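Beneath this line is the structure, given in structure tokens, with notes to follow.
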Amino acid sequence: MKRAIYPGSFDPLTLGHVDMIERSAKIVDELVVGVLNNSAKNSLFSLEERVSMIKEMTASMPNVTVASFDGLLVDYMKEIDATIIVRGLRAVTDFEYELQIAQTNHVQNANVETIFLTTNLKYSYLSSTIVKEFASYGGDISNFVPACFIDRIYAKYHISK
Ligand code: ADP
């Protein structure tokens, strides 16, 4: 039984994240999408909003659950009995940071392994930051996020379309 966690801020969930969830759910038995409660980061969506948006998008995926966590990822993984971390690599710029985090997590707990999925080419440029930047100026975000989130994202910037 291989339980994996896909951790992130998901502020908001993008089509790149959805693609990662779909693909990683196929290679592990159970996937927990772990939404980081990072009070230091000024998030656009509250933790509860982010969790419920991801639940909405993954409702039809039988081996995917959504949860929030704070503190150290390796500690949370012990709590839920997960041993695999899934992360995405978009460009070389992701690599250095991700390698350092993966190695640190492995030193903290030798049972923890990180697997990386390369980005789907369609979404290689996409990040939550780009979505927020575009949306704040009323830009078209229909290629970036699930259609059902578009209005909710604009609403955060008091934009109605
Ligand atoms: P964090 O705040 O931890 O960087 P994000 O919510 O931005 O979290 O992303 C969570 C994970 O999803 C990271 O591993 C990131 O590399 C990956 N990711 C984000 N966008 C994409 C994308 N377009 N394609 C592939 N992986 C992605």
Side-chain angles (χ1 to χ4, degrees), residues 2-28 30-58 61 63-77 80 82-106 108-109 112-136 139-150 152-153 156:
K2 297 269 178 229
R3 182 173 291 137
I5 183 161
Y6 176 39
S9 310
F10 307 108
D11 184 40
L13 186 80
T14 69
L15 291 173
H17 294 134
V18 174
D19 180 70
M20 285 283 299
I21 294 170
E22 285 170 348
R23 287 162 61 207
S24 44
K26 282 187 201 151
I27 51 181
V28 299
E30 242 184 78
L31 182 73
V32 178
V33 182
V35 186
L36 180 63
N37 183 13
N38 187 349
S39 46
K41 260 193 189 175
N42 219 338
S43 60
L44 183 64
F45 287 92
S46 71
L47 183 66
E48 295 71 28
E49 285 171 323
R50 285 178 278 150
V51 168
S52 99
M53 287 157 94
I54 303 169
K55 280 188 176 162
E56 222 175 300
M57 284 313 295
T58 56
M61 302 179 199
N63 64 338
V64 178
T65 56
V66 188
S68 61
F69 73 99
D70 48 25
L72 279 182
L73 177 59
V74 284
D75 289 343
Y76 179 63
M77 290 176 72
I80 62 166
T83 53
I84 301 167
I85 302 169
V86 176
R87 295 285 288 176
L89 287 179
R90 281 161 292 193
V92 278
T93 42
D94 281 342
F95 181 77
E96 208 170 328
Y97 172 76
E98 292 292 344
L99 184 68
Q100 196 177 15
I101 298 288
Q103 284 170 338
T104 309
N105 285 330
H106 189 73
Q108 299 267 319
N109 182 345
V112 166
E113 295 291 354
T114 303
I115 60 171
F116 295 100
L117 297 190
T118 50
T119 181
N120 186 320
L121 267 184
K122 268 198 306 198
Y123 306 124
S124 59
Y125 61 90
L126 192 51
S127 68
S128 298
T129 306
I130 289 281
V131 170
K132 286 181 275 196
E133 187 82 11
F134 262 71
S136 69
D140 180 5
I141 53 170
S142 60
N143 290 320
F144 302 167
V145 296
C148 56
F149 297 160
I150 294 175
R152 274 178 261 181
I153 296 168
K156 291 283 178 187

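Not measured: the values here are computed from a predicted model. Indexing begins at 1, ligand by ligand and atom by atom, following the structure's order.
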For [atom], tell me which residue out of [options] has the closest non-hydrogen atom.
{"atom": "atom 25 (C) of ligand 1", "options": "Asp11, Thr119, Ile21", "result": "Thr119"}
{"atom": "atom 18 (N) of ligand 1", "options": "Phe116, Tyr6, Tyr97", "result": "Tyr6"}
{"atom": "atom 27 (C) of ligand 1", "options": "Arg50, Arg90, Arg87", "result": "Arg90"}

Contact atoms of ligand 1, heavy-atom distance to [X] under 4.0 Å:
{"X": "Ser9", "answer": "1 (P), 2 (O), 5 (P), 6 (O), 8 (O)"}
{"X": "Gly16", "answer": "22 (C), 23 (N)"}
{"X": "Phe10", "answer": "6 (O)"}
{"X": "Tyr123", "answer": "22 (C), 23 (N)"}

Next item on the list: Note the single closest protein heavy atom to atom 10 (C) of ligand 1, along with its residue, its atom name and the distance in Å.
Entry: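 The protein heavy atom lying closest is Pro7 O, 3.7 Å.
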
Does [X] have more than 12 heavy atoms from other residues, nucleotides or ligands lying within 6.0 Å of its [atom1]?
{"X": "Lys2", "atom1": "NZ", "result": "no"}
{"X": "Phe134", "atom1": "CZ", "result": "no"}
{"X": "Phe95", "atom1": "CZ", "result": "no"}

Any N/O pair [X]/ligand 1 closer than 3.5 Å:
{"X": "His17", "result": "yes"}
{"X": "Met20", "result": "no"}
{"X": "Gly88", "result": "yes"}
{"X": "Ser124", "result": "no"}

Side chain [X], main chain [Y], donor-acceptor under 3.5 Å:
{"X": "Thr58", "Y": "Met61", "value": "no"}
{"X": "Ser128", "Y": "Pro12", "value": "yes"}
{"X": "Arg3", "Y": "Glu30", "value": "no"}
{"X": "Asp11", "Y": "Leu44", "value": "yes"}

Next item on the list: Assess whether side chain to side chain contact (heavy atoms under 4.5 Å, CB included) is satisfied between Ile5 and Tyr76, documenting all intermediate values.
Entry: CA-CA 10 Å; Ile5 183 161; Tyr76 179 63; 3.7 Å; yes

